[in-house]
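A quick write-up on the structure given underneath.
Everything numeric in this text was worked out from a predicted model, so none of it was measured.
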Amino acid sequence: MTLEKLILQSAESGLKELYNFTPGRNQIQIQITRKDQEGDYTLVVFPLLRFSKKSAEETAKELGEYITGNVKSVKSFNVIKGFLNLEVSDDYWLQSLSLSYTDINFGIVPVDEKAKTVMVEYSSPNTNKPLHLGHIRNNLLGYSLSEILRANGNKLIKTNIVNDRGIHICKSMYAWQMWGNGKTPENSGMKGDHLVGEFYVEFDKHYKAEVAELVNKGFTKEEAESKAPSILAARELLLKWEANDTETVTLWKTMNNWVYKGFDITYNKLGVDFDKIYYESETYLIGKEEVLRGVSENIFYQKEDSSVWADLTNDGLDHKILLRSDGTSVYITQDIGTAKMRYDDFPIDKMIYVVGNEQNYHFQILSVLLDKLGYKWGRDLYHFSYGMVELPSGKMKSREGTVVDADDLIEEMIQIARDMSAELGKLESLSKEEAEDTFRMIAMGALKYYILKVDPRKNMMFNPAESIDFNGNTGPFIQYTHARINSVLRKASGNNIEIDNNLKVTSLSGKEKDILKRITLFPAIVKEAGDNYSPALIANYCYELVKEYNQFYHEHSILSEPNTDQRNFRLVLSATVARVVKTGMNLLGIEMPGRM
RNA sequence: GCCCCGGUAGCUCAGUUGGAUAGAGCAACUGCCUUCUAAGCAGUAGGUCAUGGGUUCGAAUCCCGUCCGGGGUACCA
């Protein structure tokens, strides 16, 4: 049992004994004592005054005396206003350090037979364009969220739904047919996803020009948008594709394969992976079947133009189209099919969709539709809705080419890591391969931390003109501290200094105690991050921990400490910090270089 | 119009079931490397927590109004 729980229990029995009052759940607040106050845990007595019927000071004093008398590890207390600050004995902190040092999986809940199966869908790209910064946020969040949930004892299935069919890819296909001149990744040396994306932009350019021309001829904007020759041609391709037209399907396969090769490279650089990949082309027909079953069972209705709709007005929503009048399926149609297929394939206890918050309405509807179709899990789908990445110029739009390309950004980060390392005169002792691998880890560490330290629900700003930092509250700062500790530990073992888990120390400095306290918090942080689906909590914890460690490192010497017990304690402390930070950063998908 | 989300230092962000004097980093300025890695440490300066009310021992946090920004809103995904 944690000390916090022991204190809580003691406070409960104290209240009963002193004031004959039995507190309800969450009625007693125990929190970590503020840094500027003496003590380790603080009990707020204000809410208890109406039961003690005494002043805040007096109540706090009586409770403090009771708790110090009952909980061995609490050695003393002080009262300031209505705050009862409890001071914990050094022995307790040392013991918990010893335990976390010994436990290789400290902070991680093992996955056993009783574990729940959680499926996390993330990435989910369209195959008509390369990945950009928005996708990076999605991929990093999805991967990290999965790792965090696994660390909380869940069985994880990471999945990806590739939106490989639909009007968007038909646009790129049409543009390639019209203006491609047989360009391929092979004959142009271009990455496949970038090449296909180029034609998506090309399509939009022509389309916009056509619409403008039609508007000039007197059509309304809406008419023009649905009558422009390009869009008609793209729609025709979609129809041909759904009719399994050989030429169309062949082109579709070719272009998609170009894109997949490109995606694989980007995924690899991002360090993300999937246990099961679904393709919309394989799920949309199931979605269609489900929609048609819905029509025959009068769950949905069909209009005269034969488009299919759901009436969701009873759920406080609107009417929603499920099949177009030409019979082709829309975005939500395939999501219905994909969901059904997944639940058929796996024993899913919890399904999480990592998708941007612009889709909030979509997922609300998806839930209701599946529920109406009779799937009891429909209402349980969880949309992990994260905020957009904004540029100073506003929102990123692939069509308009106003995006920060994922591959470009990664390359740029690696180059900065190289330059900075050269400037600082680091890593000169490493081989070229080792150095390059370290640059990669640092660059990705900077990028990943930058994105994951922000609350996922909020929109975030990215200014390309001010490149991502490597100093301060950053990934490299944390990696650096870790590398520094490694260096000390290397030197220790080089000098044949053995690290002993049996800690014998008489006095702890304030900094040392701060670090000890922070380390013992780690399991609770992992749990909180899992409960709240928030990688940011892990990121901020790691930062706080290494910041405290750096202060300690500056104030105390480790290897040249004459008292060997003290030296041993500091080595155990350092080694534990290194491991906790590494575990935490790995939950964010960030690798930790051995030296930097 | 209607619905959802947000607004904390010049900039980027923490602050999570309401708790003590609202915190970091960047940018600016000042110190600290013959001593375990200076991608570090210490310091100065920077705030009407958008705004007006309310709830209470106590509000950046909860409720209502207003302003500003973003997103969604029936044949894009």
### Query
Does A74(B) have Trp309(A) stacked on its base, where the ring centres are within less than 5.5 Å and the planes differ by under 30°?
no

#### Entry: Spacing between Ile451(A) atom CD1 and U12(B) atom P, to the nearest angstrom
16 Å

### Query
Arg34(A) CZ to G15(B) P: how many Å, rounded?
17 Å

### Query
Is the NZ or CZ atom of Lys303(A) both under 6.0 Å from the centre of the six-membered ring of Trp309(A) and within 45° of that ring's axis?
yes

### Task
For residues Tyr382(A) and Tyr353(A), establish whether the separation of their ring centroids is below 6.0 Å.
no

### Task
Specify the closest pair of heavy atoms between Ser574(A) and Ile558(A), including all atoms of both residues, with the distance to one decimal.
OG-CD1, 3.7 Å

### Message
Measure CD1/Ile538(A) against C1'/U16(B) and give the value in whole Å, please.
### Response
15 Å

### Message
Taking donor-acceptor contacts at under 3.5 Å, does the side chain of Asn471(A) reach the base of A27(B)?
### Response
no

### Query
Taking any strand in view, what nucleotide pairs with G43(B) in a Watson-Crick or G-U wobble way, both distances under 3.5 Å?
C29(B)

### Task
Using the six-membered ring for Trp and the full ring for Phe, Tyr or His, decide whether Phe46(A) stacks on the six-membered base ring of G19(B) (centres under 5.5 Å, planes under 30°).
yes

### Base of C75(B) paired with side chain of Asp305(A) (donor-acceptor, under 3.5 Å)
yes

#### Entry: Whole-angstrom distance between C75(B) and C11(B), as gauged at atom P
40 Å

### Task
Specify the closest pair of heavy atoms between Met596(A) and Leu427(A), including all atoms of both residues, with the distance to one decimal.
CA-CD2, 3.6 Å

#### Entry: Pair partner, G18(B) [Watson-Crick or wobble, under 3.5 Å]
none

